[in-house]
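Worksheet: the structure to be examined is printed underneath.
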Amino acid sequence: MEKFIINGPTVLHGNVTIAGAKNVALKAIVTSLLTDDEIVLHNMPQIRDVHLMLDVVESLGAHVRIDGNTIYIKDGNTKGTIVPLEIGARLRTSSMVLGPMLSRYGNATIPNPGGCRIGARPIDRHIEGLKLMGATIEYDSKDGYFHAHAQHLHGAQISFLKNTHTGTETLMLAAVLADGTTILKNAAEEVEIDDLIALLNAMGANIRRSGNREITIVGVPKLHGTEYAIMSDRNEEVTFAIAALVTKGDITVHHSQRRHMKSFLEAFEKAGGVYKMIDDTTTQYFYDKPIQPVDIVTGSHPGFMTDWQAPWAILMTQAKGVSTIHETVFENRFTYVEELRKMGADIAYFNPVVNNPKSFYNFNWEDKATETHQAIRITGPTPLHNAITSMSDLRAGATVVLAAIIAQGQSYIYGVEQIDRGYEHIDERLQSLGASIERIEEDAVV
Ligand code: EPZ
C-alpha cells in the first residue's frame, strides 16, 4: 500500500500523452475468450484494473504476455469456466466473461462483480438480456456466484429499460457467436463501445449501430485473431484539462479525444477555460481568466459523463460564485466531498426535486440508500489548505490529488491504489508537469 506526499500550490504546464482508455482496455481483454487465435492489443494502459482483468482471463486458461503497452493474449480454454471469487470480485468487468463463456462452452460461473464503491452496481440488465438469448442464470447467495448455462445462445431483440454501458457490451460479446441476429434497443452510446465494436469486427464479427440507440449483431460461426490499437482515454484527458485550469496553468494533451468530449468542452469554456486545437489529436488547455461557476447535470453519452463530475467539483471550488452538480447515473458518487471539506471546500449536499425519480435516474431506484445524495452545491472561491486524506474510488482519487496540488502546504493522500486503477503512472506524469508529488510506502515516516 502506498501514499502520495504532495506540496502545493503548484502551477502545471507542459505536455502529456493520454494513455489508452481503461473502459475499452478491460473489454478488449474479454474478446480474447471468443477465439482460439491470439489477439494483440496496442495502446493498453499500464493500470491496475488491466492487470486484474488479465488475472480473470488467465484464471480461465488464457496465456498472456505483456510488452509495455502491448498485450498478447491467447485463450487456452484449459482451465474451465469458473472465475474465482478472489479474482472476479475485485473488478466490475469480470462479469463480462459471461457472454463468451456461454457462447463457446455453454456455461460460466462468476462471482458478484466488484468495482468502485459508487453504488450497488447490479448486473440485472445484463442478465435479463442473456436470458432472452437462451441462458439460464441463477445467483446463489450462499456461495456468492452467478451460475450460468446455455445449450446455445440464440439471437434476440433486447430493449434496455435504462442505459447500461457494460450491459450493452456484455450482450454484444454474447451475440457475436450466437445463432441468428440480436438487436439491442436503447443501447448505450458511449464512444468506447464503438471502439469495442471495431475490435470485434476486426475479429470477424458482424456488428453495426443500426439506428438511434440501436445495435444489430449478426451471429457468425467463428472469430479469428487480430491486432488492434485501442482509443485513448477521455476521462484522463478531462482530468488533465481540469488540472490545467484549476492550477492556472497550461497543458498540451497528445492523443486527444477532443472530438468525443463536446459536453465537457462547452462546460470548460463556460467556466472560463480556453482550449486550442493544435491538430486533430493535440489539444492545448489553459487558464485565461477567473474561473466561473457552471452547473452540471451528469448523463449518459453524449451528456456530461458521470466520470467527469468528481474532478469538475475541485474546479468549481475555485469558481467565483455558487455552482451545482446533479449526479443522475450512480446513487453514491460524492464520496470525495468529505475529503474536499477537510481541505477547506464549501460544499453542501442537496437532493433536487425530480418529477419521476424512478425513471429520471439511471440507477435502479430501489438501490438508493436513504443517506446518499444526488447533488451538491459548491460555493467558491475557497482557498484550500493541506490535509491527511484518502481516496475512496478512482475518480474521487483524481479529485483529491488535484485538490492537494492547489492547496497550501503538504498533504498526505492514502489509498493511491485506487487512482492506480485507472491512471497510468499518474505521479510521474504530474511531476513532469511541475507537480511536487512523491509516492512512498504507506507506513514510511518522512
Ligand atoms: C461504465 O460502468 C464505466 N465502467 C463507468 O466508468 C462509467 O461511469 C459508466 O459506464 C457510465 O458511463 C466501465 O466501462 C468499466 P452502467 P457501468 O451499466 O457499465 C446501474 C470509471 O470511473 N445498472 O451504464 O457499470 C448502475 O449501477 C467507471 O471508469 C443497474 O442497476 O455503468 C449505474 O447506477 C466508473 N443494473 C447505472 O445503471 C445493471 O444491470 C449505469 O450503469 C446495469 C447498470
Side-chain angles (χ1 to χ4, degrees), residues 19-30 45 47-50 52-53 56 90-96 98 112-131 137 139 146 158 160-173 186-193 195-196 213 230-231 233-236 238-239 260 263 298-311 327-333 335-336 357-369 372 374 391-399 418-423:
K22 169 180 85 76
N23 292 343
V24 176
L26 303 180
K27 297 74 173 264
I29 290 167
V30 178
I47 56 175
R48 192 160 160 262
D49 274 12
V50 162
L52 294 178
M53 197 67 215
V56 171
R90 299 177 299 187
L91 201 61
R92 167 98 179 144
T93 43
S94 58
S95 62
M96 300 182 75
L98 274 172
N112 207 340
C116 290
R117 297 295 129 231
I118 56 179
R121 306 186 77 186
I123 55 171
D124 50 301
R125 299 171 203 168
H126 307 223
I127 286 169
E128 290 322 305
L130 289 168
K131 285 180 175 173
I137 305 178
Y139 179 65
F146 285 98
I158 297 159
F160 292 109
L161 279 178
K162 289 187 175 181
N163 193 74
T164 170
H165 182 154
T166 48
T168 298
E169 294 168 325
T170 293
L171 292 169
M172 280 181 357
L173 289 162
N186 195 25
E189 303 263 85
E190 278 78 7
V191 286
E192 289 74 16
I193 296 171
D195 216 32
L196 182 62
R213 298 185 65 82
I230 70 168
M231 69 185 280
D233 195 312
R234 294 188 294 157
N235 296 335
E236 258 208 2
V238 162
T239 306
H260 298 306
S263 56
T298 66
S300 313
H301 187 78
F304 192 98
M305 297 288 286
T306 171
D307 301 335
W308 303 342
Q309 60 97 332
E327 169 59 51
T328 72
V329 176
F330 290 101
E331 72 271 22
N332 186 26
R333 202 151 201 197
T335 53
Y336 57 86
K358 270 188 185 239
S359 59
F360 178 78
Y361 289 110
N362 195 5
F363 53 83
N364 297 340
W365 186 249
E366 59 273 21
D367 288 332
K368 177 145 178 74
T372 56
Q374 288 319 120
M391 39 182 91
S392 54
D393 73 67
L394 165 56
R395 306 302 166 188
T399 300
Q418 286 295 343
I419 200 167
D420 287 338
R421 293 186 55 173
Y423 291 90

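One-based numbering, in listed order, for ligands and for the atoms of each. Note that these values count all heavy atoms, side chains included, but never hydrogens, waters or copies made by symmetry.
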With only distance considered, is [X] within less than 3.5 Å of ligand 1 through an N or O on each side?
X: K27; answer: yes
X: T93; answer: no
X: E169; answer: no

Heavy-atom distances under 4.0 Å are what count here, so tell me which part of [X] touches ligand 1: side chain, backbone, both or neither.
X: L394; answer: side chain
X: R92; answer: side chain
X: D307; answer: side chain
X: K162; answer: neither
X: D393; answer: neither
X: E192; answer: neither
X: T306; answer: side chain
X: R333; answer: side chain

Find out whether [X] and [Y] are in side-chain contact, i.e. whether some heavy atom of one side chain is under 4.5 Å from a heavy atom of the other.
X: R395; Y: T399; result: no
X: Y423; Y: I47; result: no
X: R48; Y: R90; result: no

Show me which atoms of ligand 1 lie under 4.0 Å from any heavy atom of [X].
X: M305; result: 12 (O)
X: R395; result: 21 (C), 22 (O), 29 (O)
X: K22; result: 21 (C), 29 (O)
X: V329; result: 33 (C), 34 (O), 37 (C), 41 (C)

Salt-bridge criterion met for R333 and E327 (N-O under 4.0 Å):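 No, this pair does not count.
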
Distance-only, no hydrogens or angles: does the [X] side chain make a donor-acceptor pair with backbone N or O of [Y] under 3.5 Å?
X: K27; Y: T166; answer: no
X: D233; Y: K22; answer: yes
X: T372; Y: E331; answer: yes
X: T170; Y: M96; answer: no

Any E128 heavy atom less than 4.0 Å from ligand 1: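 No, that is not the case, since the closest heavy atom of the residue is not under 4.0 Å from the ligand.
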
Close approach, P122 and ligand 1, non-hydrogen under 4.0 angstrom: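 For ligand 1, residue contact (heavy atoms, under 4.0 Å) with P122 is present.
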
R125-N364 side chain donor-acceptor pair, cut-off 3.5 Å: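 Yes, because at least one side-chain N or O of R125 sits under 3.5 Å from a partner of the opposite role on N364.
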
Ring pair (Phe, Tyr, Trp, His ring centres under 6.0 Å) against F160, all qualifying residues, sequence neighbours excluded: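 Listed in chain order: nothing, the list is empty.
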
Minimal non-hydrogen separation, D393 against T335, with atom names: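 Residues D393 and T335, closest heavy atoms: OD2-OG1, 3.1 Å.
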
Identity of the nearest option to atom 32 (O) of ligand 1, non-hydrogen atoms only, from Y361, F363, F160, F330: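 The residue whose heavy atom sits nearest atom 32 (O) of ligand 1 is F330.
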
